[in-house]
Amino acid sequence: SRPMVEGLPFWDPLQRISAEEYAQRIQPPPSAMTPGCIVLVENGADDEHVPEDMQKEWIKEMDGSGVDWRFTNHARTPHGFALAPGVVATSYMEAA
């Protein structure tokens with residue numbers, strides 16, 4: 001996840017810096033995207049923090065880096081659905 005845009009008057013997880021700005025600012029090491037690694041993402045389909053365009057951008061980034069990924073959207077589940085009860089930002093759902 002890339003950092004958010006600086007200087008916003010409020011915290012907005014949808015306002016992330018671009019991949020290009022991230023690469024210039026952070027200069028990630030070559031090991032940041034390891035070809036051949038396997039990444040599993042379990043996402044809540046109703047997660048307002050991960051809209052469809054952000055999912056597509058992530059997929060493009062993983063494919064471009066040769067990462068073997070699996071992205072599962074869980075129906076009718078919000079952000080934090082898998083976090084244990086009591087954890088900040090939790091919306092724990094046993095059924096998910």
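Remember, predicted model here, so these are calculated numbers, not experimental data.
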For this session: Measure the spacing between CD of Gln55 and NZ of Lys60 and express it to the nearest 0.5 Å.
Result: 16.0 Å
Problem set entry | Thr77 to Asn43 - nearest heavy-atom pair and separation | OG1-O, 4.2 Å
Problem set entry | Partner set under side chain to side chain donor-acceptor pair (under 3.5 Å) for Asp63, not counting sequence neighbours | Trp69
For this session: List in chain and number order the residues that pass side chain to side chain contact (heavy atoms under 4.5 Å, CB included) with Leu40, two or more places apart in sequence or in another chain; answer none if no residue qualifies.
Result: Glu42, Arg70
Problem set entry | Trp58 side chain near Val39 side chain, heavy-atom distance below 4.5 Å | yes
Exercise. Which atom pair, heavy atoms only, marks the closest approach of His49 to Met54?
Worked result: O-SD, 3.7 Å
For this session: Return the set of residues passing side chain to side chain contact (heavy atoms under 4.5 Å, CB included) with Asp46 (not counting sequence neighbours), or none when no residue passes.
Result: Arg76
Seminar exercise, completed: One should read off an interatomic distance between Glu52 CD and Lys56 NZ, to the nearest 0.5 angstrom, of 4.0 Å
Exercise. At their closest point, which heavy atom of Ala75 faces which heavy atom of Ala45, and how far apart are they?
Worked result: CA-CB, 4.2 Å
